[in-house]
A.B. asks: 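This structure is in structure tokens; I'll ask about it shortly.
Note that the structure is a prediction, hence the values are computed from the model and not measured. One-based numbering, in listed order, for ligands and for the atoms of each.
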Amino acid sequence: MVYRSDIEALVVGGGLVGCLVARALAAHGLGVVLIERDPELGQRASTAAAGMLSPQMEAAEGLLAESSTRAEAMLAFCLAGRDWYPGLVDSLMRETGLEIEYRTRGTLVVATDSIRAEALATAAAAHAAADLSAEFVDGEQARRLEPALASRTEGGLLLPDDHQVDSVALVGAAARAVVDDPRIRLELNCQVVGIETAAGRVTGVRLERAGGAVDHESASLVVIAAGAWSENVAGLPRRLGVEPVKGQMVAVDGRAAGLTHTVGGAGVYCVPRGDGRVLIGATVERAGFDVSVDEAAIAGLVAAAAEYVPALGRTDRLSAWAGIRPGTSDELPIIGPDPDVEGLVYATGHYRNGILLAPITAAAVAALAGGSALPVDLTPFSPARLRGPRKDPRNG
Ligand code: GLY
């Protein structure tokens, strides 16, 4: 066992959240070790994501559509998270010299039946009442905005502030920034096999390296940012309830459709990229960590997209993949200090919003570490709400 005493902060997980947390902690003057079990950073959920920065679409369509304190807190957090994007993209591009496609042309959620169109009109009014940019457009107006929409489009919800980012380019730049930062030491092919504590404080972690050697890193701060794999970090004092939720996606040649907005439909979204691809997503499957892709699911996604944008059903499929979202039992992320172990902090469980929430999560963790003002009230996301029993340590 090698003991090191020069380490202050350890971040477990090298996806986008982990990279940005490491970067934010380093910017606050901490020495940081970033631990990733894969040979490369960010090659799991972060690069699989479509990169939608679309809290308003989620609010109109999905989980955030509920009216509950929980949903309101999540929407406020996601809206605040969206505001961090222009600054993040600028600073990463400046630091690394890499291009990141960040599209600010907005999102159009569409309906091909009158009931759904009515729901979108109601959502538009609710967003406007909350001072958010949103406009209901009728079918004709929607087709003027996106001529490739189906002729039977009944209406649309235009969300000019819901943007999207190329997650692969973003993760590439974040990884480069981490690699180039002399304040961050990267440990790849490594997994945490124990969290070490003394007198209620974290003191470090036990690591297993690729060849099986067990090592030790001292730290006064350990941040768990391992996404869907967070539950498998051995030695955590509580059950997080983070569960893998698979999302299959397909990229098609979207040049004929010529979409400019991200287009959302019931259970499907179509995200245009500058290179002419349209990313169509995504399934929501409880299938463990399996990332296989199946024809039925991909055909279902293409058919769902073609319901709204028929040209997408007649074009070439280019690639298909699956990512694993970190779901939680209440669908809220888990961000904040462990109530029982000082120095142990969680930044995980972002479920459908990992890309969107990565920068604000990093800022929040750095503020916690530095004792400065938080960018957002973390109470709804506190790990203190997780009262599950201590889990058995296991490798994962
Ligand atoms: N954020 C979209 C998804 O998780 O599929």
A.B. asks: List every atom of ligand 1 that sits less than 4.0 Å from any heavy atom of Met52, numbering the atoms from 1 in the order shown and giving each element.
C.D. replies: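 Checking each atom against Met52, I get 2 (C).
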
A.B. asks: Identify the closest protein heavy atom to atom 4 (O) of ligand 1: which residue and atom is it, and at what distance?
C.D. replies: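 Among all protein heavy atoms, the one nearest atom 4 (O) of ligand 1 is Arg325 NE, 2.7 Å.
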
A.B. asks: For atom 3 (C) of ligand 1, what's the nearest protein heavy-atom neighbour? Residue, atom name and distance, please.
C.D. replies: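 Going atom by atom, the protein heavy atom closest to atom 3 (C) of ligand 1 ends up being Tyr269 OH, 3.3 Å.
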
A.B. asks: Got a sec, which residues hit salt bridge (Lys or Arg N to Asp or Glu O under 4.0 Å) with Glu95, two or more places apart in sequence or on another chain?
C.D. replies: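 So Glu95 forms a salt bridge (Lys or Arg N to Asp or Glu O under 4.0 Å) with Arg23.
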
A.B. asks: When you compare the side chains of Glu146 and Thr260, does any donor N or O come within less than 3.5 Å of an acceptor on the partner?
C.D. replies: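 Short answer, yes.
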
A.B. asks: Counting non-hydrogen protein atoms only, what is the nearest one to atom 1 (N) of ligand 1? Give residue, atom name and distance.
C.D. replies: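 Among all protein heavy atoms, the one nearest atom 1 (N) of ligand 1 is Arg352 O, 2.8 Å.
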
A.B. asks: So, does Tyr351 sit close enough to ligand 1 that a heavy atom of it is under 4.0 Å from the ligand?
C.D. replies: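 Outside the 4.0 Å threshold, so no.
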
A.B. asks: Who passes salt bridge (Lys or Arg N to Asp or Glu O under 4.0 Å) against Asp90, sequence neighbours left out?
C.D. replies: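 By the salt bridge (Lys or Arg N to Asp or Glu O under 4.0 Å) rule, Asp90 matches no residue at all.
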
A.B. asks: Just to verify, which of Thr361, Leu332, Leu356 counts as forming a side-chain contact (heavy atoms from CB on, under 4.5 Å) with Phe77?
C.D. replies: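 Of Thr361, Leu332, Leu356, side-chain contact (heavy atoms from CB on, under 4.5 Å) with Phe77 is met by Thr361 alone.
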
A.B. asks: Side chains of Asp161 and Ser133: donor-acceptor distance under 3.5 Å anywhere?
C.D. replies: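 Checked: Asp161/Ser133 side chains pair up, N/O donor to acceptor below 3.5 Å.
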
A.B. asks: Counting from 1, what ligand 1 atoms have a heavy atom of Ala282 closer than 4.0 Å?
C.D. replies: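 Answer for ligand 1: 5 (O).
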
